[in-house]
Amino acid sequence: MSLLSYLINGISLGSVYAIIALGYTMVYGIARMLNFAHGDVIMVGGYVALTVVLSYSTNPLVAVLVAIVVCTVLGIVIERVAYRPLRGAASPLAVLITAIGVSYLLQNVVLLIFGPNPKSFQSVVPFPDLKLAGGTLNISAETIVTIASCIVIMIALTTFINKTKAGQAMLAVSEDKGAAQLMGINVNGTIALTFAIGSGLAAIAGVLLCSSYPSLSPYTGSMPGIKAFVAAVFGGIGSIPGAMIGGIVLGVIEILSKAYISSQLADAIVFAVLIVVLLVKPTGLLGKKIQEKV
Amino acid sequence: MAMLEIKDLEVYYGMIQAIKGISFEVNEGEIISLIGANGAGKTTILHTVTGLLSPKKGSIVFEGKDITKTPAHKIVGLGMAHVPEGRRVFAEMSVYQNLKMGAYTRSDKDEIGQTLEKVYKRFPRLEERKNQLAGTLSGGEQQMLAMGRALMSNPRIILMDEPSMGLSPILVNEIFDIIQSVSEAGTTVLLVEQNAKKALAIADRAYVLETGKIVMSGDAKELMNDDSIKKAYLGE
């Protein structure tokens, strides 16, 4: 029974990675850049939700919605101010370095406002835990909500991309910006929309992550951010189902390693798996051949 | 007044001047060919007209409206479609989705449906393969898709960049027949081609480009009989 319980926890953690990885992979697919500040947007989402809950003691759902709105706007602003001016810069490294700079900026602004001490996060999930198999299998409500959110997001995003005009425009821009413009697609607008969606998802991931692991500090986003990036590469960067599969596989490997091998070595094992996958299949599980820019 | 009027156009790639002061015009209903060797600046001109590149000097006026500084994504809505060099279809999207992208700026579903039927009628092979990914089509089919996609915007003028490139002689003939029939259906055509013989054969007028300058222009039939053109471009 414990294996099953670890698996479920792994899928739950992996769902968070997957939601974050979607942001990485969509932005990479469309803007061809690695947004290393993406992980810190998660952390901002966590702080916003926490602040709303503590200051207004409202329905936690309201806090989540506020976090989504704030992060969506934050994503658009970051893209507009920090990345767009560098698009078409001589070296793609310029925007990569800027992304790292934005990451530190977000961490330090939050540090300035909220201080360095971890804050204890109140779960936004108001349901009781689920006890199965006569009480031997205990699944937390957070776990269930996280996995369910991940499934809903995946379905919604796939539908959005395949069924709406804006979604099709995103696909077109990811393939060929010039040809997309000739169709009448506003490339800058589409990239901004991608950042908005990715950052909104990051807010959800932040709230879910902090609900399951209720300690929030200015650095909370960096490790999940890096792991989600690994998940995106693992699944094939630029591929949405790839991000999903990559995230979940990564979460399961991490939890199983912690349970059966060593909790200190878990992260090392995760990265070792990535290296092996990339050696065997350099484009990741579902990745296509792409021209590497960074 | 000409439908499309290009005046004193100068375009640079960094420090290198690609277009050195070019003026030409396209009248409604015409087929105009720009011919010239590789690197003469033909593609650069088309890219500048549709806003993918911006000129350093000069003006581009379409139907009386100055579009010199109009961003690329606002051009197609004005009635000007561009079939880019190398087809550039969206390989990961189906034929149908590609065609729908061509109508991106239009909103009337019924009218889009009618245009789609017209495009399928003109290119029956696209209808047969409508659910196939565009990347799996042959070169000729991709060219047809690129043209069909451009026609989906219901343009009054269509710019075509090397539509015959890399195609077998039979397909080249087919493509030129299609260009002619598009023109007969009322769309003005600005054609860029290395296949000067074919391009002159269907054109009303033509401009000959050499390293960023127009060196000759005039009636296409007359140019075909010009000795220097015959020697340099027609291989006679």
What part of [X] gets closer than 4.5 Å to chain A, counting heavy atoms only: side chain, backbone, both or neither?
X	result
B:L52	side chain
B:T105	both
B:R106	backbone
B:V83	neither

Under 3.5 Å donor-acceptor, B:Q97 side chain and A:Q168 backbone: no
**Prompt:** So, B:K74 side chain and A:G184 main chain: donor-acceptor pair closer than 3.5 Å or not?
**Reply:**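 Not at all, since once roles are kept as given, no pair shorter than 3.5 Å links the two residues.
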For atom [atom1] of [X], is the number of surrounding heavy atoms from other residues, nucleotides or ligands below 6.0 Å larger than 12?
X	atom1	result
B:Y120	OH	yes
B:Q132	CD	yes
B:K57	NZ	no

To the nearest 0.5 angstrom, please state how far the [atom1] atom of [X] sits from the [atom2] atom of [Y].
X	Y	atom1	atom2	result
B:E92	A:L171	CD	CG	9.0 Å
A:M183	B:H82	CE	NE2	9.5 Å
B:R88	A:K177	CZ	NZ	11.0 Å

message: So B:T50 and A:L182, do their side chains get closer than 4.5 Å, heavy atoms only?
response: yes
TODO: Would you indicate whether the side-chain heavy atoms of A:I185 and B:M101 approach each other to under 4.5 Å?
DONE: yes
Under 4.5 Å to a heavy atom of chain B? For A:E175 that would be side chain
Most contact-rich option vs chain B, by heavy-atom pairs under 4.5 angstrom, among A:N162, A:V187, A:D176, is A:D176
Quick check for you: among B:G102, B:P84, B:A91, B:S153, which has the greatest number of heavy-atom pairs under 4.5 Å with chain A?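 Highest number of heavy-atom pairs under 4.5 Å: B:A91.
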